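All of these numbers come straight from a predicted model, not from anything done at the bench.
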Amino acid sequence: MTLQVLYFAWVRERIGLPKERVETQAATPRALVEELRAREPRYAAAFADTAALKVALDQELAEWDAPLAGVREVAFFPPMTGG
Amino acid sequence: MTLQVLYFAWVRERIGLPKERVETQAATPRALVEELRAREPRYAAAFADTAALKVALDQELAEWDAPLAGVREVAFFPPMTGG
Amino acid sequence: MTVRVQQEAFAAGAELDAFTARATGAGAIVSFTGVVRDVAGGLIAMEIEQYPGMTERAIAEIVDAARSRWDLAEVLVIHRHGPLAPGAPIMMVATASAHRAAAFEAADYLMDYLKSRAPFWKKEITQRGEHWVEATTQDEDALSRW
Amino acid sequence: MTVRVQQEAFAAGAELDAFTARATGAGAIVSFTGVVRDVAGGLIAMEIEQYPGMTERAIAEIVDAARSRWDLAEVLVIHRHGPLAPGAPIMMVATASAHRAAAFEAADYLMDYLKSRAPFWKKEITQRGEHWVEATTQDEDALSRW
């Protein structure tokens, strides 16, 4: 499947781009992160500590082991600091 | 001593005046109320239930048994409803 | 700190902007505006009586207590008296602090104390007659939160 | 209910007045305004990044949750993004209810959730360099109050 993958804040800065299309068979965000981490050092740096990150699937916060089946948009970002 | 005595809200309405000078030897607001109550039915009506009233001495909330010595202004009123 | 007890109306928005401009360095501004609500029976006016002299003194004490409890860059209290029409603003409180929790708590505290410790009395004048608004035990109990 | 996510500045006072006018029947109006504070090191700008699309969706969910929890006549949320100068307004929340407690609690609730569940990220650009503002465990813990 092809996913639209978005990065925000320092995840975006470390990877060096705000979004990209990713072709993957990953079943969960956790598996997707494993694949991305293996790509290049900048991805490994961005995803060094997933405990410091959050993931959204189709614009809803989700768990790291949520299913990616049917999902079109995945976003990775640090905890929000709105308000 | 001569006290300036003020009445507010329904206490003022029942007594029919907002303030008056009162010559008294009462030692406490409680004793002053006893004297006033004995004057006329409208005072008795206003002070029928002192548990429903508050007293201020020189513009500070006070207890019913606080000393009146040195006080110039006494006010009686129902619990406040500001805000 | 600004405290005003007045008969005239006030414009809450203009007050908020002026307050924010005075509150230099504050990151959090909380405001509360009380408005005369209509009541069953049809409100003609809300009449607010006060105790001139004690009113200013009581409000200043309440504000001082709030300032000693929270780090506030600025505090505003405006309270009206006299007859007020339905929909009219009754009073306003604003607090400014570096942090949100202090601004919220201080505004809530000011309201609790203004309600039960500032010498104002409200009378509702309705189509069916008039009556004094009674203080509730909740109003008094609210003070024990602090 | 009004939700706006925008780069432009807003005038908190004018927003409060318009909000109050819309909130017919409410007796209690609470507003919160967040302002960019200067920081040690000298703040040049606060840069706020957002996730377009998810931002509006997340805020709408937060507002819906507040409305199902308290009886609110009206709710306002304005949140800016982009680079903001020290002293500039960042965001504003307003709540209107018949009663004071509901208006205060709902505004406090909205702020807690906007802080930790709306997809905004703040970066401080100072004379000494730039860094992303980190979420605190208190921010997250605050949600367990509700």
Side-chain angles (χ1 to χ4, degrees), chain C residues 10-21 23-39 43 46 73-74 84 86-101 103-112 114-115 122 133 136 138-139 141-142 145, chain D residues 10-21 23-39 43 46 73-74 84 86-101 103-112 114-115 122 133 136 138-139 141-142 145:
Chain C
F10 61 87
E15 297 292 345
L16 177 62
D17 286 341
F19 178 80
T20 303
T24 44
I29 314 278
V30 169
S31 81
F32 176 88
T33 315
V35 175
V36 179
R37 278 197 306 144
D38 203 354
V39 296
L43 189 75
M46 172 81 89
E74 195 67 41
L84 306 181
I90 302 174
M91 54 88 62
M92 178 173 182
V93 154
T95 53
S97 181
H99 301 289
R100 183 163 66 93
F104 263 108
E105 287 174 22
D108 208 7
Y109 174 96
L110 289 169
M111 288 304 305
D112 274 351
L114 289 170
K115 193 157 209 79
K122 292 197 185 98
V133 173
T136 66
Q138 293 102 292
D139 292 341
D141 293 347
R145 290 199 287 156
Chain D
F10 61 88
E15 297 292 344
L16 178 61
D17 286 340
F19 178 79
T20 303
T24 45
I29 314 278
V30 168
S31 81
F32 176 89
T33 315
V35 174
V36 179
R37 279 196 306 143
D38 203 354
V39 295
L43 189 74
M46 172 81 87
E74 196 66 42
L84 305 181
I90 303 174
M91 54 87 63
M92 177 173 184
V93 154
T95 53
S97 182
H99 301 291
R100 182 163 65 93
F104 262 108
E105 287 174 22
D108 208 6
Y109 174 97
L110 289 169
M111 289 304 306
D112 274 351
L114 288 170
K115 194 160 209 75
K122 293 197 185 96
V133 174
T136 65
Q138 292 102 292
D139 292 341
D141 292 348
R145 292 199 288 154

Inset, instruction - Name the option with the most non-hydrogen atom pairs under 4.5 Å to chain D; the candidates are C/Ala23, C/Gly34, C/Ala28, C/Ala142. - result: C/Ala28

Inset, instruction - Anything under 30° is parallel, anything over 60° is perpendicular, the rest tilted; go ahead and classify D/Phe104 against C/Phe104. - result: perpendicular

Legend entry - Pairwise side-chain contact, D/Arg100 with C/Asp112, heavy-atom cut-off 4.5 Å (strictly under): yes

Inset, instruction - Using non-hydrogen atoms and a 4.5 Å limit, figure out which bit of D/Ala103 sits close to chain C: side chain, backbone, both or neither. - result: neither

Legend entry - Region of C/Leu16 in contact with chain D, defined by heavy-atom distances below 4.5 Å: side chain

Legend entry - Contact origin within D/Asp108 toward chain C - heavy atom pairs under 4.5 Å: both

Legend entry - Interface moiety of C/Ala98 toward chain D, non-hydrogen atoms closer than 4.5 Å: both

Legend entry - Within-4.5 Å side-chain heavy-atom neighbours: C/Tyr109 and C/Arg145: no

Inset, instruction - Give, as side chain, backbone, both or neither, the part of C/Ala18 having an atom under 4.5 angstrom from any heavy atom of chain D. - result: neither

Legend entry - Non-hydrogen atoms of C/Ala107 and C/Val30 that approach each other most closely: CB-CG1, 3.7 Å

Legend entry - Side chain / backbone / both / neither for C/Ala14 at chain D, heavy atoms under 4.5 Å: backbone

Legend entry - Residue, of C/Val35, C/Ile29, C/Val36, that accumulates the most heavy atom pairs under 4.5 Å with chain D: C/Ile29

Inset, instruction - List the atom of C/Gly25, the atom of D/Arg37, and the distance in Å for their closest heavy-atom pair. - result: O-CD, 3.3 Å

Inset, instruction - Evaluate the side-chain proximity of C/Glu15 to C/Thr33: yes if any heavy-atom separation is below 4.5 Å, no if none is. - result: no

